[in-house]
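Naming convention: chains lettered A, B, ... in sequence-line order (proteins, then strands); numbering from 1 in each chain.
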Number of protein chains: 2
Amino acid sequence: MTRNSQTVPRSQRRARTAERILAAARALFAESGYDRTTIRAVATRAEVDPALVMQHFGSKDELFRRAITVSSQEADEGGQEKLVELLLGILGVKMGEVSGTSLALLRSMLTHPEAAEQVKAANTRQLNQISGAIEAEDAELRAALTVSTLLGVTIGRHLLELDVLREADTERIAELMKPCLEALTGRPAQS
Amino acid sequence: MTRNSQTVPRSQRRARTAERILAAARALFAESGYDRTTIRAVATRAEVDPALVMQHFGSKDELFRRAITVSSQEADEGGQEKLVELLLGILGVKMGEVSGTSLALLRSMLTHPEAAEQVKAANTRQLNQISGAIEAEDAELRAALTVSTLLGVTIGRHLLELDVLREADTERIAELMKPCLEALTGRPAQS
DNA sequence: ACAGTCACTCATCGCATGTTGAGCGAAGTG
DNA sequence: CACTTCGCTCAACATGCGATGAGTGACTGT
């Protein structure tokens with residue numbers, strides 16, 4: 001009668017509550033960031049004792065690490081399309097349905113050192129991918145500006161929740177951003 | 001022999017230490033954000049007792065409020081130039097020498113509710129100023145995207161401190177961003 | 001059915017933080 | 001010089017946090 005009073009193997013039950021805790025953690029980290037999210041709050045949301053969270057993840061930092069770690073398959077998906085299409089894809093991924101994992105990460109990137117590292121690493125990855133496809137000079141700088149630009153839009157839309165951006169249609173945003181990105185990348189795929 | 005062992009009037013002396021505390025607070029808030037900045041740390045940096053900080057500002061929240069409040073003259077400067085020039089001006093202001101006040105505000109905007117409100121308010125102000133000058137349809141949306149874009153670059157450069165952006169010359173960045181902004185605003189001042 | 005395992009809870013600790021009030025000593029005032 | 005004012009410090013409190021370790025009861029395999 002603890003929670004899942006079904007015939008579920010013990011190991012699987014444990015794995016499920018672990019996932020439930022992780023989901024609660026992701027949600028709260030995404031809402032309030034690292035510092036303002038307490039283990040107690042995560043436990044409450046997961047309908048579990050705070051101590052259990054510790055038993056599962058060892059420490060708050062480790063919980064956070066697990067919460068913001070993208071499944072590395074999720075990270076590397078998205079093939080080798082044309083540049084701007086790729087960028088709009090990033091925009092789409094980041095805007096259409098940004099994963100709770102990403103939001104948790106982004107929310108804390110300005111205040112939690114490791115989150116910042118993680119974001120910088122992700123940026124570097126995208127940057128390399130993009131800059132290789134830019135023919136113009138200053139390819140790296142252009143790529144960095146491009147990524148930052150997209151980051152800004154994502155922040156405005158999902159973290160700050162600026163009304164105008166939140167209400168706007170994803171496709172319309174992508175449409176408006178396209179020439180902007182083309183300009184930054186040296187217009188590889190002009191309309 | 002406390003600190004300024006000169007013939008300084010008492011009121012002025014108090015005002016000076018208040019300013020010293022405020023400066024320390026701004027620096028720390030800009031470095032670490034609201035939650036990770038402790039009153040004790042501010043006091044230490046200002047070479048002052050923690051209790052004195054309370055006596056001056058009443059609470060940590062009030063200290064933060066004072067630390068992130070732009071002097072309202074500083075906010076409204078920058079005349080009515082042509083649109084893209086204005087934007088590049090914002091870029092310049094935000095990039096060349098971003099004030100500690102702004103950095104303190106920006107650093108906490110994702111985790112501190114009031115900081116978020118403040119940023120959104122500032123964004124709305126800029127948004128109105130910009131959208132009025134855009135002739136294309138979706139003026140508001142375009143303006144919001146423009147502001148978010150600049151926000152992203154500022155974050156990447158000064159908060160995340162992405163290497164490529166930090167090392168880049170301000171003018172070069174402005175130069176690269178110009179066509180991008182023109183595209184977003186409907187190219188009002190084409191080269 | 002019995003013993004052991006294991007997911008989970010309870011009570012509690014240590015610590016850092018924001019905040020407070022009493023007190024000190026130098027600057028100001030008559 | 002007496003007396004007050006006031007900028008400032010010291011010691012302490014209350015709270016909420018992450019973290020710990022002993023305990024409990026249900027599930028498991030034999």
Side-chain angles (χ1 to χ4, degrees), chain A residues 1-25 28-29 31-67 108 111-115, chain B residues 1-25 28-29 31-67 108 111-115:
Chain A
M1 212 268 279
T2 49
R3 167 144 292 277
N4 307 335
S5 47
Q6 301 293 27
T7 47
V8 191
R10 259 216 289 223
S11 60
Q12 196 173 357
R13 170 171 301 188
R14 181 149 178 97
R16 282 186 189 180
T17 62
E19 194 49 53
R20 210 170 63 242
I21 292 172
L22 213 50
L28 290 178
F29 283 139
E31 280 175 26
S32 320
Y34 180 84
D35 291 303
R36 292 178 120 84
T37 296
T38 100
I39 291 225
R40 285 170 166 86
V42 171
T44 300
R45 177 148 181 164
E47 294 177 291
V48 143
D49 190 275
L52 188 61
V53 177
M54 296 301 300
Q55 190 181 107
H56 270 274
F57 299 94
S59 73
K60 185 184 176 183
D61 269 288
E62 184 57 28
L63 173 64
F64 183 67
R65 226 165 282 138
R66 293 282 304 274
S108 301
T111 40
H112 192 288
E114 190 169 325
Chain B
M1 214 267 279
T2 50
R3 166 144 292 276
N4 309 333
S5 46
Q6 301 294 28
T7 48
V8 192
R10 264 221 278 229
S11 60
Q12 196 174 358
R13 170 118 101 205
R14 183 152 178 92
R16 281 186 190 180
T17 62
E19 194 50 52
R20 211 172 62 241
I21 293 172
L22 213 49
L28 290 178
F29 282 139
E31 279 175 26
S32 321
Y34 180 84
D35 291 304
R36 292 178 118 85
T37 296
T38 114
I39 292 225
R40 283 172 167 84
V42 171
T44 300
R45 178 150 182 162
E47 294 178 291
V48 141
D49 189 275
L52 188 61
V53 177
M54 297 301 299
Q55 191 182 108
H56 270 275
F57 299 95
S59 72
K60 183 184 178 182
D61 269 288
E62 184 57 29
L63 173 63
F64 183 66
R65 227 166 281 137
R66 292 281 305 275
S108 302
T111 40
H112 192 287
E114 190 169 325

Atom CG of B:Asp61 and atom C1' of C:dT17 are separated, to the nearest Å, by 13 Å

**Request:** Would you indicate what A:Ile39 reaches in the nucleic acid, counting non-hydrogen atoms under 4.0 angstrom: base, sugar-phosphate, or nothing?
**Result:** sugar-phosphate

When every non-hydrogen atom of A:Ala18 is compared with those of A:Phe57, the smallest separation belongs to O-CZ, 3.9 Å

(request) Respond yes when some side-chain nitrogen or oxygen of B:Thr38 is under 4.0 Å from OP1 or OP2 of C:dA16, and no when none is. (result) no

It should be established whether A:His56 places a side-chain nitrogen or oxygen under 4.0 Å from OP1 or OP2 of nucleotide C:dC8. yes

Margin query: If you go through the side-chain atoms of B:Arg10, does one of them form a donor-acceptor pair with the base of C:dA27 closer than 3.5 Å?
Written below: yes

### Query
Above 12 or not: heavy atoms from other molecules or residues under 6.0 Å from CZ of B:Arg66?
no

A:Lys60 NZ to D:dT20 P, in whole Å, measures 15 Å

Rounded to whole Å, CD of B:Glu62 lies from C1' of C:dT20 at a distance of 18 Å

Checklist entry - Do the side-chain N or O atoms of A:Ser59 get closer than 4.0 angstrom to the phosphate oxygens (OP1, OP2) of D:dG18? => result no

- Task: State whether B:Arg14 places a side-chain N or O below 4.0 Å from either non-bridging phosphate oxygen (OP1 or OP2) of D:dG7.
- Result: yes

*Would you mind classifying the nucleic acid contact of B:Ser11 as base, sugar-phosphate or nothing, using non-hydrogen atoms under 4.0 angstrom?*
nothing

Rounded to whole Å, the CD-C1' distance (B:Gln12 to C:dG28) equals 15 Å

- Query: Ignoring hydrogens and geometry, is there a side-chain-to-backbone donor-acceptor pair from A:Ser32 to A:Phe29 under 3.5 Å?
  - Reply: no

A:Arg36 and B:Tyr34 have their tightest heavy-atom pair at NH1-CD2, 3.9 Å

A:Met54 has its side chain closest, among D:dC10, D:dA19, C:dT19, to D:dA19

In whole angstroms, the gap separating P of C:dA16 from CZ of B:Arg36 amounts to 15 Å

B:Arg13 atom CZ is separated from D:dT5 atom C1', nearest whole Å, by 14 Å

* Asked: Taking atom types as they are modelled, is there a donor-acceptor pair under 3.5 Å from the base of D:dG16 to the side chain of A:Arg40?
  -> no

From CG of A:Leu52 across to C1' of D:dA26 the rounded distance in Å is 15 Å

Checking C:dT20, D:dT20, C:dC10 against the side chain of A:Asp49 (C-beta onward), the nearest is C:dC10

Quick one, A:Arg65 with A:Glu62, criterion salt bridge (Lys or Arg N to Asp or Glu O under 4.0 Å). Give me CA distance, side-chain angles, the key distance, then yes/no. CA-CA 5 Å; A:Arg65 226 165 282 138; A:Glu62 184 57 28; 2.6 Å; yes

When rounded to whole Å, the CZ to C1' distance for the pair B:Arg16 and D:dG7 reads 15 Å

